[in-house]
Student: 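Mind looking over this structure? Questions follow.
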Amino acid sequence: MNPGDVNLQQLLEQAQLMQQQLVSAQQELNDAQIEGSSGGGLVTAVVNGSGELLELKINPSVIDAADAQDTAETIADLVIAAVRDAVRAAADLQQEKLGPLAQGLGGGGLGQLPGF
C-alpha cells in the first residue's frame, strides 16, 4: 500500500463511529428539557434540545382582570421573551453536543485520513 492510498476500512469505521455519535447526540437533544423564563419567572417556557416548545407556564399574578388589554399585551411579551430564552439555551446545547461532530466532518475528521 502506498503512503497516499486510502484505507477504506479505516474510513468506513470512522464514518460509522461518527454516525453513532451523531445519533447519540441527537437522542440526547430530543430527551433534554431546557427552561427559559422572563419577568423574573412570571413566564416559564420549556423546550427540548431541538427547540420544540413542550410546556408554557404563566404565573396567575401577571393577570390583571381590571386591565385585560394591557395584561394580554404584557403576557404576550413575556411569553415571547421566555420562549426566546429557552430556544437560545437549546441552541447553545445543540452547539455543545453537535459542534464537535461537525468540526470532525469538516475540520479534520476525514481530512486527517491519508488521501483526503
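In this text, all values refer to a predicted model and were calculated from it rather than measured experimentally.
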Student: Quick one: closest heavy-atom pair of Gly51 and Val87, and the distance?
Tutor: O-CG2, 4.0 Å

Student: Using side chain to side chain contact (heavy atoms under 4.5 Å, CB included), reason through Asp70 and Asp64 one step at a time and then give a plain yes or no.
Tutor: CA-CA 8 Å; Asp70 190 44; Asp64 180 4; over 6 Å; no

Student: Under 3.5 Å, is there a donor-acceptor pair linking the side chains of Gln69 and Glu73?
Tutor: yes

Student: Quick check: closest heavy atoms across Val47 and Ala86, and the distance to 0.1 Å?
Tutor: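 That closest heavy-atom pairing would be CG2-O, 3.5 Å.
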
Student: Could you go through residues 31-44 and list every donor-acceptor pair under 3.5 Å that involves a side-chain atom there, pairing it with any protein atom two or more places apart or in another chain?
Tutor:
{"unit_1": "Asp31", "atom_1": "OD1", "unit_2": "Gln27", "atom_2": "NE2", "d": "2.9"}
{"unit_1": "Asp31", "atom_1": "OD2", "unit_2": "Gln27", "atom_2": "NE2", "d": "3.2"}
{"unit_1": "Ser38", "atom_1": "OG", "unit_2": "Leu78", "atom_2": "O", "d": "2.6"}

Student: Residues in side-chain contact (heavy atoms from CB on, under 4.5 Å) with Ile80, at least two apart?
Tutor: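 For Ile80, the residues satisfying side-chain contact (heavy atoms from CB on, under 4.5 Å) (neighbours in sequence not counted) are Arg84.
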
Student: Working to the nearest 0.5 angstrom, can you tell me the gap between Thr74 OG1 and Ile63 CD1?
Tutor: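 It is 11.5 Å, given to the nearest 0.5 Å.
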
Student: What's the separation between atom CG in Leu22 and atom CG in Leu17, rounded to the nearest 0.5 Å?
Tutor: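 Here the rounded value is 11.5 Å.
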
Student: Establish whether Leu29 and Leu54 are linked, either directly or via other cluster members, by ILVMFWY side-chain heavy-atom contacts under 4.5 Å.
Tutor: no

Student: Do Leu53 and Leu93 sit in the same hydrophobic cluster, where Ile, Leu, Val, Met, Phe, Trp and Tyr count as joined when their side-chain heavy atoms come under 4.5 Å apart?
Tutor: yes

Student: Return the CD to CG distance between Glu96 and Asp92, rounded to the nearest 0.5 Å.
Tutor: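 Answer for the CD-CG pair, Glu96 versus Asp92, is 8.5 Å.
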
Student: Would you give the length of the straight line joining atom CG of Leu12 to atom CG of Asn7, rounded to the nearest 0.5 angstrom?
Tutor: 10.0 Å

Student: Crowded around Glu28 CD? As in, over 12 foreign heavy atoms under 6.0 Å?
Tutor: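 Counting neighbours around CD of Glu28, more than 12 heavy atoms of other residues, nucleotides or ligands fall under 6.0 Å, so yes.
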
Student: Please answer whether the main-chain N or O of Glu52 pairs with a side-chain N or O of Asn48 as donor and acceptor at a distance below 3.5 Å.
Tutor: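 Yes.
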
Student: I'd like to know if the side chain of Ser24 and the backbone of Gln20 have a donor-acceptor N/O pair within less than 3.5 Å.
Tutor: no

Student: If every non-hydrogen atom of Gln94 is compared with every non-hydrogen atom of Ser50, which pair is closest and at what distance?
Tutor: NE2-CA, 3.4 Å

Student: Does a donor on one side chain and an acceptor on the other come within less than 3.5 Å for Glu13 and Gln9?
Tutor: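 Their side chains do contain a donor-acceptor pair, which is all the 3.5 Å distance test asks for.
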
